[in-house]
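Here's the structure, in structure tokens; my notes come after.
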Amino acid sequence: MSSDGLWLKGLRAGLALLLLAMLAPLCGAQPMAAEADPSLPLPGYKLHHWSLEEGSPSRINAIAQSRDGFLWIGGVDGLFRFDGIRFERIGPRPTDPDRIVVARLLAARDGTLWIGLARRKGMMVWHNGRLADAGMPNPSREVSDIAQGPDGAIWVTRGGRGTQSLARWHKGRWTEFDTRSGLPEKPAWHPLFARDGTLWLTIEDAVYRKLANADRFVPTGIVTEPRATLAEAPDGTIWLTEKTRTRPIGRNGQVIRDSSGFAIPFGIRTVFDRQGDLWIATWSDGVFRVRKPASPTRTLAHLTTRNGLLSDPVRAVFEDREGNVWIGGEMGLNMIRKVPISPALGVPSDPATNRMLATDSAGHVYAANDTTLFEIRPGEQARAIFTSPTVIEAICAARGEGIWIVLRGKAMRWVDGRIGATSPLPDSFAANSCGEDADRRLWLPALQKGLFVLERDRARAWPGVVGKTHIPGNVAIMADGRAAIHFRGEAPVGQSALPFVALDDKAVASDGIEGLLPGRRTLYTSGAAGLAAPLLPGKPLLDSGRYPWASSINGMVQTEAGDTWTIGDLGVVRLKTADLDRALARPGAVVPYRLFDFREGLGSFAQKSSGAQIVAGRDGRIWFATRDTIETIDPATFVRNARPPDKMIRALTVGQQTVMARPGIRLDANVTALAIEYTATVLAAPDRARFRYRLIGQQDQWIDAGPRRTATFADLGPGDYRFELMAANEDGVWSREPAVLEFTIAHAIHQTWWFRSLALLALLGLLYLLYTLRLQQVSSRVRVRMLVRTSERERIARELHDTMIQGVQGLILRFQAVADRFAHDPEAQAILQPALERAEEVLVEGRDRVTGLRTPRVRDFCEELARLLGNGMYPQDRIAPIQLTQIPRPIAPEIIDDLLAVLGEALNNAVAHSQASRIELGVRFGRWTFGAYVRDNGIGMHETIISDGGRPGHFGLLGMKERIEAIGGKLIVESANGFGTVVELQIPARVAYA
């Protein structure tokens, strides 16, 4: 803005105050003291605004806050919802044919938002996420005001008409009030329900009221001017604001008729905040804040564009439930909120000067700039008590009473409001800071000039401290009364002989010393690496990576209340001294802290200077130095926001499609990634809101999202999901219950249970087919082998018949001829006849064998196995009876000989080699597998025999294995030294059974 523009602004503000002074005698109103320079912001308050460039609507007429915490803003641009971060349009745009111009807003107790419109469009409501016409009859030019009664009825005044300008919505119907209600045919303006249920109302020239149980309005006898407004103070007083004054007109049900009030420019909107201050919005001159309006000591503050408002024309003023005051004007939205930090009144701001702090034994705080010393008594503001003709170099606490003031060439003691003892100092140096130890030595570090000490009114340079080598820069007095001095170069050697503690940057773990910080327990140092305690055992360090508040601290004070206050690059920090001590004893322990920065009114950054940068007064107020001025915070007035924030899940986004949050959202199939947008109504400090969420159905663990207001998810599949959201306000108070959004991702055809079941059945069918084909292949191979064996048997039978049996038959005939020739020789007959009989038996057996080879007979495996055991080859006292498992089934004849051969070989081995006392033979007729085994309790086999298939030169085990594998089975041999042997054969049922 040009200098001419600033001059005009200042002239207008001055004329406004002059007008108040001129109007006061004319109106019988009391004059009012200005609270502060109108070009400065309100002390103890912070002004923040959202301009048109930041998305704010323009020409704001009304502001309200709904039950869910959202701020609603209405004006010429339409209706908006605001969460402290984002303006969200509700309803049509200004360019739409059905555009709306909002004149007034009311958030009803049931959560409904009532919207009073201009341009003869009546009333609308926002309820359950929908905008609807309220159906008000006979809409006028605009809705001027809205109020809600104790019974929930909505009362509306309609501007631009002289009859029936008051209407009411109750129990589903509208009622219009005419002269039968006691009101004259004049425009009604401002309905106000007092806490006792009385309805107050202004008309063109008077004030009316209707008692809680009455049916009619009655005049109060108070004469007023058109468009007067009403407001109720926290104590129940009703205040009337007119064109020229504001006055009380009612209290405790009684009308006040003779109050003169105080003069004020024409206010069009008024509201009392929770502290009892009255805020008055004007047509074109910003906003006035009146402190203690009922008191003769009331003060006035004036907010215009000169001290931060976006525009001087103001149409709306509103206090939200957090105590923030919102001001809506032509060029955007303003918010004023009470903050704990404020500049020290009475101390001028000047970033070009150095600021110093000290406290005396009485708890009085002293502040100084280059030329002036200020005293701040408990509960009072700063006042200048001393002006120096030369630069004030340093101030510090004195032993006993008062403080030291160090100038170039002398040090003075300030005691009881006057200069006490004065001691000369060399003019050759300027002290960087000062500190008096328990032995009443005043230490004065002077950088390259060296270290000086004032002792018994005599100043001298400390020997051995060479300026260019040691460079003493800061001094602090520790709790035990010793002085600690920071050397920017190397610390002097011989610590044990020095009357002070010497520290340099290399001697601490804090990566240099930016702050030399005396505490009640020990001395701390702070640097980029964190906060260190170099005098404690182990020299512990609170690393700035884990404790961000510990980095680059410039000042520290520990109070009797158990708090530690620091100032540094992060801002002003408060934490519990006990938590700090615990973390130093166990690094890594959690240290809760509260940060106070520009959001709480901090006007500038920490001053990088020597000496005390933060002190505590006897009244508990904390004072600290910044680059611009001295600022203060009163812990007693700081109110923690204990109300958890309202939270809301806004929308769900899949690709380019956004779906507004609603119960039971169903998404299309094949959705694998999405984003969920959410918010919380933390209006005072929205950037300090914190969130955590989880998506049940994917994971049950909570995710800390910090200040982010969007959650993204990937690798999702079909199914039901539940998104839960928790939020915390600026003071870390978390919501008690989560906000919930449930949604479903549909199944694609290949993701349905029936499709998967069919696919599984198809896979099982395929596996069964492959198994069947394999069995058929194995059975075919076995059948081929059996056919080969049968052919071989027939060939052998033919050869036996054609060769051996015929030969034996011929030999028998020859021997019979010989026997006939010696028929009369008894001795010859005794030899030949037995031989012929045996030959006949061999011939019969041979024919039987040939018959068996050519014509298979029905064979019983169990009988032949029993016959094998009973042939006398095996000791019956060691052989147990055959153990049959399950129901016996006929065995395929072509494999019986192989089975008998293998089992017989196993029995032979057990009898011959096992040294067993018991040998068992068992047969299992399984449904899927036929099995047989020979088990003994003998000495067992060595594992090399089993792995090699027998001893060298012996092929019993190998032959048994080959026989079984040839018919499609497998042979299993298990043994251990001293634990016997088990020989088991297994054959598939399709091969084994006939």
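Here the structure is a predicted model, which means the values were calculated and not measured. As a basis for the values below, the full set of heavy atoms in this structure was taken, side chains included, without hydrogen atoms, waters or symmetry mates. Index from 1, following the sequence.
For E742, the side-chain contact (heavy atoms from CB on, under 4.5 Å) partners two or more places apart in sequence, or in a different chain, are R722, V740. Shown here are the ring-ring contact (aromatic ring centres under 6.0 Å, His included) partners of H170, two or more places apart in sequence or in another chain: there are none. Evaluation of the salt bridge (Lys or Arg N to Asp or Glu O under 4.0 Å) rule for D320 yields no partner, not counting sequence neighbours. Annotation: salt bridge (Lys or Arg N to Asp or Glu O under 4.0 Å) contacts of E322 (sequence neighbours excluded): none. Checked against salt bridge (Lys or Arg N to Asp or Glu O under 4.0 Å), D581 has the following partners two or more places apart in sequence or in another chain: R521. Remark: F598 pairs with no residue by the ring-ring contact (aromatic ring centres under 6.0 Å, His included) rule, at least two apart or across chains. Under the salt bridge (Lys or Arg N to Asp or Glu O under 4.0 Å) criterion, D563 pairs with K576, not counting sequence neighbours. Remark: L652 pairs with V654, L667, L674, I676, L741, F743 by the side-chain contact (heavy atoms from CB on, under 4.5 Å) rule, at least two apart or across chains.
Exactly one residue among W72, F318, F87 makes a ring pair (Phe, Tyr, Trp, His ring centres under 6.0 Å) with F82. That residue is F87. Considering I90, T681, L113 in turn, T681 is the only one that fulfils the side-chain contact (heavy atoms from CB on, under 4.5 Å) rule with F70.
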| Between D597 and R688, is a salt bridge (charged side-chain N to carboxylate O under 4.0 Å, His left out) present by the stated rule, with each step listed? | CA-CA 12 Å; D597 57 13; R688 282 190 174 175; 2.8 Å; yes

| task | Quick one: do R269 and D145 satisfy salt bridge (charged side-chain N to carboxylate O under 4.0 Å, His left out)? Show the steps, please. | result | CA-CA 10 Å; R269 289 288 142 192; D145 285 294; 2.5 Å; yes

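Within the structure, no pair that satisfies the salt bridge (Lys or Arg N to Asp or Glu O under 4.0 Å) test touches residues 44-57, not counting sequence neighbours. Screening residues 108-122 for salt bridge (Lys or Arg N to Asp or Glu O under 4.0 Å) gives no qualifying pairs among residues at least two apart or on separate chains. Sorted by first and then second residue, the salt bridge (Lys or Arg N to Asp or Glu O under 4.0 Å) pairs involving residues 87-97 (not counting sequence neighbours) are R81-E88, E88-R650.
Crowding of M331 atom CE: a count of heavy atoms from other residues, nucleotides or ligands under 6.0 Å not exceeding 12. Within a 6.0 Å radius of CG in D151, more than 12 heavy atoms belonging to other residues, nucleotides or ligands are found. The 12-atom threshold is not exceeded at CZ of F605, counting heavy atoms of other residues, nucleotides or ligands nearer than 6.0 Å. In Q699, the CD atom is crowded: over 12 heavy atoms of neighbouring residues, nucleotides or ligands sit closer than 6.0 Å.
Atoms CG and OG, from L42 and S342 in turn, are 11.5 Å apart once rounded to the nearest 0.5 Å. With rounding to the nearest 0.5 Å, the separation of CZ in F723 from CD1 in I665 is 11.5 Å. Annotation: the span from M335 atom CE to L683 atom CG amounts to 8.0 Å, rounded to 0.5 Å. For the atom pair L47 CG and L310 CG, the distance stands at 8.0 Å (nearest 0.5 Å).
Aromatic ring centres of W114 and W155 lie farther apart than the 6.0 Å criterion allows. If you look at Y547 and Y593, their ring centroids are not closer than 6.0 Å.
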Could you pull out every donor-acceptor pair under 3.5 Å between side chains of residues 125-133 and any protein atom, sequence neighbours left out?
unit_1: H127; atom_1: ND1; unit_2: T112; atom_2: OG1; d: 3.0
unit_1: D133; atom_1: OD1; unit_2: G135; atom_2: N; d: 2.7

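In this structure, R708 contributes its side chain and T710 its backbone to a donor-acceptor pair below 3.5 Å. Counting only distance, with no hydrogens or angles, the side chain of E142 and the backbone of G116 share no donor-acceptor pair below 3.5 Å. In this structure, the side chain of R546 engages the main chain of G588 through a donor-acceptor pair within 3.5 Å. Remark: side-chain polar atoms of D731 are paired, donor with acceptor, to backbone N or O of N641 under 3.5 angstrom. No donor-acceptor pair closer than 3.5 Å links the side chain of Y678 to the backbone N or O of Y693. Distance alone, capped at 3.5 Å, is enough to place a donor-acceptor pair between the N729 side chain and the R643 backbone. A donor-acceptor pair under 3.5 Å is absent between the side-chain atoms of E319 and the main chain of V271, judged by distance alone. Side-chain atoms of T712 do not come within 3.5 Å of backbone N or O of A675 as any donor-acceptor pair. The closest donor-acceptor contact from the side chain of N334 to the backbone of H48 lies at 3.5 Å or more, if one exists at all. A donor-acceptor pair under 3.5 Å is absent between the side-chain atoms of R59 and the main chain of E330, judged by distance alone.
The heavy-atom pair separating I649 from A661 by the smallest distance is O-CB, 3.1 Å. Closest non-hydrogen pair, S66 versus A107, comes out as CA-CB, 3.8 Å. The nearest pair of heavy atoms linking T658 to A651 is CG2-CB, 3.7 Å. Minimum heavy-atom separation, G719 to H747: N-CE1, 4.1 Å. Here the shortest heavy-atom pairing between R104 and N61 reads NH1-O, 3.1 Å. P150 and G197 make their closest contact through CG-CA, 4.1 Å (heavy atoms, listed as atom of the first residue, atom of the second, distance).
Side-chain contact of S144 with T157: a donor-acceptor pair under 3.5 Å is present, judged by distance alone. Side-chain N/O atoms of S56 and S51 include no donor and acceptor closer than 3.5 Å.
For the pair P57/I73, a side-chain contact is recorded, criterion being any heavy-atom separation below 4.5 Å from C-beta on.
Annotation: cation-pi pair R692/W734 present, NZ/CZ under 6.0 Å from the ring centroid and within 45° of its normal.
With salt bridges taken as basic N to acidic carboxylate O contacts below 4.0 Å, one links R594 and E600. Here R709 does not pair with E677 in a salt bridge; the nearest charged N to carboxylate O distance is not below 4.0 Å.
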